[in-house]
Amino acid sequence: MEKPALTQFIDNLKSVPDAARRAFLKNGLPESERERSQMSFHNFFLHMQSVRTHKHSLRWTYTLGLGIIATAALIILTATGVLLMVYYKPSTELAYYSMKDINYVVFGGRIVRNVHRWAAHLMVVAALLHMARVFYTGSYRRPREVNWLIGLGLLVMTLALSFTGYILPWDQLGYWAATIGANIAQSPREVTDAFGITHAVDVGGLGKQMLLGASFVGEDALLRFYVLHCVVLPGLLMTLLGLHFWRIRKDGGLSRPESVDKPGAPDYKPVQPGIFKPGTEKTYGLMALVKGSKPTVGTAPENTVMSWPHLMYAEAAVFALTMAITLVLGYFLNAPLKEIANPMVPENPAKAPWYFLGLQELVSYSAFMGGIGIPTITLVSLALIPFLDRKGSDVGIWFGGAAGKKVFWQSVLFGAMVTVGMLALTITQGWLRTWIPNIPQLVITVVNPGTVLVGLYAWWSLSNIKRHNSIRMGAVAMFTVFLVGFILLTYVAAIHRGPNWHFYWLHSQWPPH
Amino acid sequence: MADGLPDRDISRGTKWLLLVSSLVVIAIMVGEARSNLSAEWRRHQKEYHKLLLAKALDEANKETARSFNIALQQVVVPELGVTDRCVSCHTGIDNPHMADEKQPYRLHPGTFLKDHPVSRFGCAICHRGQGAAVNNADAKAVHAYWDYPMLPGKMVQASCGQCHDPKAMKGRGGDILARGARLFESSGCRACHKLGGRGGALGIALDDEGRRIIHQLPLTELKGEHTVWNWLAEHFRDPRGVVPTSQMRNPTLTEPEIEALTTYILSLSKLTIPEDYITPDKYEQKYEALRPGRPNGAELYRQFCFSCHESGTYSRWDKISGRFIPAIRGKALAASPAGYLRRNIELGRDGTQMPGWRKSGGGLSNSEIGALEAYIRGGVKPVEMTASAQGRGNAGRGRALFAQNCRGCHGSGGKGGVAPALGSATFLSVASDAFILSTIKNGRPDTAMPAFQRAGTAGLTDVELTDLLAYIRSMK
């Protein structure tokens, strides 16, 4: 006989905790491999990962955890960003004061903002290094070309997100950085002006208008950057990121050298076929097509481990590490907040965020080349790499082996020499305009320290292809010199550029205002 | 498990990393929560609470003291755009029992809060500083990224000028400000600086000078603290010590005068204050500016002319501008015809530092210019000019004569040198032939201009004078 409904109701009420646990965790934490794989299958967040992970993918020295660090930073940024959105008011009247409120009166507001700032920097660094890791291990090769392109898109999104966030506090720092950004958007004018067609085809002016919604950085610009920062770009980034993850699985997990799965490799453990015992009360149809002569049971593909818990531990640890890094930085170092934005008081020097300082250095030679030309050349070159360097058996090997390592170090040396040389020349001697005051701007747009460097880098890359008779070596050479150039230009612009973009050895030598 | 033990070991390192990182995360979060809970203002309010309890003698006060709640305090005055949290630490700012306590618990000195209740004014509208901050250093904001740091000491009087007429503040808690305002008028600042549309154009207009922020000032040469008030004070001590290209005369001011003038300059603001806050005396100040009384020539001279012409009875060599500044009063004027002086005042002398003072220039009304002219003339009658040209002069010969006799002081081509520029459009339009001729002939008394045709000297002939005139007229 059924219990009376009321009694049943009370019993059910009492057993809610148990029933809920069952509903969410099924049978508690998984005990067997079968349960572990179900853990991965049945969980929305975990099913994106395969049930088993190759041991090579868990090596610290291979991935350096960079992709996960970038993802962890993104999660931290999303969480802290939502918290900041609760208090932030995107209007020129209120934005700055809402930052002050976050700093002074919101409980934990200071550290939330600081962590947001540091996580943003960390995400940029991690994304850049992740790209370098993927490049140097040759992981862009087939079948991962598409994911390399998606990754490039993610890098651009990351930079755009970071930059759009820069202006939101509405302080002097962000205001003038945004002004620089807008002027870069306007820099095609340098070319249209040179041809005298700006009145007809004002690409630059249009770009600036689109970015700012006005001819200056003001209310409309702030709202645009806010919408981009909080809605459009995160949406795009998340979509691309989902695609990026999905493609990792589609492309067979993280890249790894072919050798690790060959008999004789140090970690190689061959599959030990179990003995399949047919049950007595079942009939068996065709269940699977297998390699070899008989089905194997109770074992898994070579060199893989269960994702739950091993991959979970690795991901959780890197996530916790990212949290720890951003929290420690955020606790001790405050995110900058300068005076309220003031169009009447230009910052001198007005500097873009650090990751754009290399470009700003190039912009100081030619606005168009530094802001549009060379970044486009760089992105297109990066996008072409997987299609130019197609063959090779060195996927998953850092620098593709000893020869590549040598090319890497030679390229570091070459890149450093030509970049420092070109900087020294420009800083001490000036450039064409210094020597020939009446030179047409178009000549400088085409021939400036930035384009000369790009030319030298390209020559170096081609000569390496020829010397080593290997496209891969040329790619390593090119990527390395660009990376070195990026780092050095960023360093000089960040540390040695003072008021009016003059060179100073030390910040203390700057004239006060 | 097929893989056995090695599967477990593979995660050993990551487990440690997870453990250590998690501990760091927890430690930082606890640390941050602690520092939020033990904020500076909370400590002060606890201390204040103790003081309240100790000072409560009767039951009513004891009850108030007991019910004191530790919480962030802020004054919000939307009309003034004020959100001031200063009262989170200065909890006893309007509590008379706290008169003898140390900061930050002490009662506000004086009777200022009686007329300016904290709830209606907040704090930063007078003191400046960062009202939103909840710690001492950031609230003072002298070396923080904040445009208007807290005004030091008595300079807070500068803020009275937003709602009060500075001159009316004498004896009402704004003595320094009132003194500064008087000094501003008597030191001849308006000779070069405009304020309220009245003043010369050599210096910058000062209408919003009190709200300047430090980054707008040249700091390369500034000695001492990088604050606006120190910049102003240093600038009054030695203008060229702060701005090497400054043309400002060295004001000879005592230190208290410098403080007063600095305070006054800091009070100059174009910030819009809601009508409710403006005091009757401020309205009177504005009324006076619109409906000035009978102009006083001597006072006007002091305000607008003295800085360059000094007493005006002698011409003097000015080191800063590198030219003679002519005598304009007394005998020197005896030779100027009627209308000549007035038009010079109205139009100024282009090519020199002398600006025009009419309404559209220096902002003086016709009656004021009249008063000024009368004062400058000092009762000396304009001289009837009798000298006349002898026919048409020859400008070519005049040019040679000019080079011989005049160019040394008046510069080539009449551009002006140590002596006034004769090519000036004002001069050429204002000076009559007779005036020019008789000036060359007789010189200008009390100036460096000698007579070129005095009895008993060789001098120039009348024909030569006419030739010179022709040349001067040809200068444009």
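Letters A, B, ... are given to chains in the order of the sequence lines, protein chains preceding strands, and every chain is numbered from 1.
- Using a 4.5 Å cut-off between heavy atoms, Y97(A) contacts chain B through its side chain alone, with no backbone atom that close.
- Across V105(A), L58(A), I340(A), the residue that shares the most heavy-atom pairs under 4.5 angstrom with chain B is V105(A).
- Looking at L311(A), neither its backbone nor its side chain comes within 4.5 Å of chain B, counting heavy atoms on both sides.
- In this structure, chain B has a heavy atom under 4.5 Å from the backbone of V106(A), while its side chain stays farther away.
- Heavy atoms of V345(A) lying under 4.5 Å from chain B belong exclusively to its side chain.
- Only the side chain of N342(A) comes within contact range of chain B, with at least one heavy atom under 4.5 Å from a heavy atom of that chain.
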request  = Using the ring pair (Phe, Tyr, Trp, His ring centres under 6.0 Å) rule, take W510(A) and H507(A) through it: C-alpha gap first, then chi angles, then the decisive distance, then the call.
outcome  = CA-CA 6 Å; W510(A) 288 18; H507(A) 190 293; 3.9 Å; yes

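- Looking at Q130(B), the atoms closer than 4.5 Å to chain A (heavy atoms on both sides) all sit in the side chain, from C-beta outward.
- Taking 4.0 Å as the cut-off between side-chain N and carboxylate O, D101(A) and R85(B) count as a salt-bridged pair.
- Checked by atom type, the side-chain pair D138(B)/Y104(A) shows a donor-acceptor distance below 3.5 Å.
- Remark: aromatic rings of W118(A) and H121(A) are close, center separation under 6.0 Å.
- Interface remark: I213(B) contributes side-chain atoms only to the contact with chain A (heavy atom separation under 4.5 Å).
- A side-chain donor from one of H310(A) and S11(B) sits under 3.5 Å from a side-chain acceptor of the other.
- H502(A) and Y504(A) have perpendicular rings, their planes meeting at more than 60° on a 0 to 90° scale where under 30° would count as parallel.
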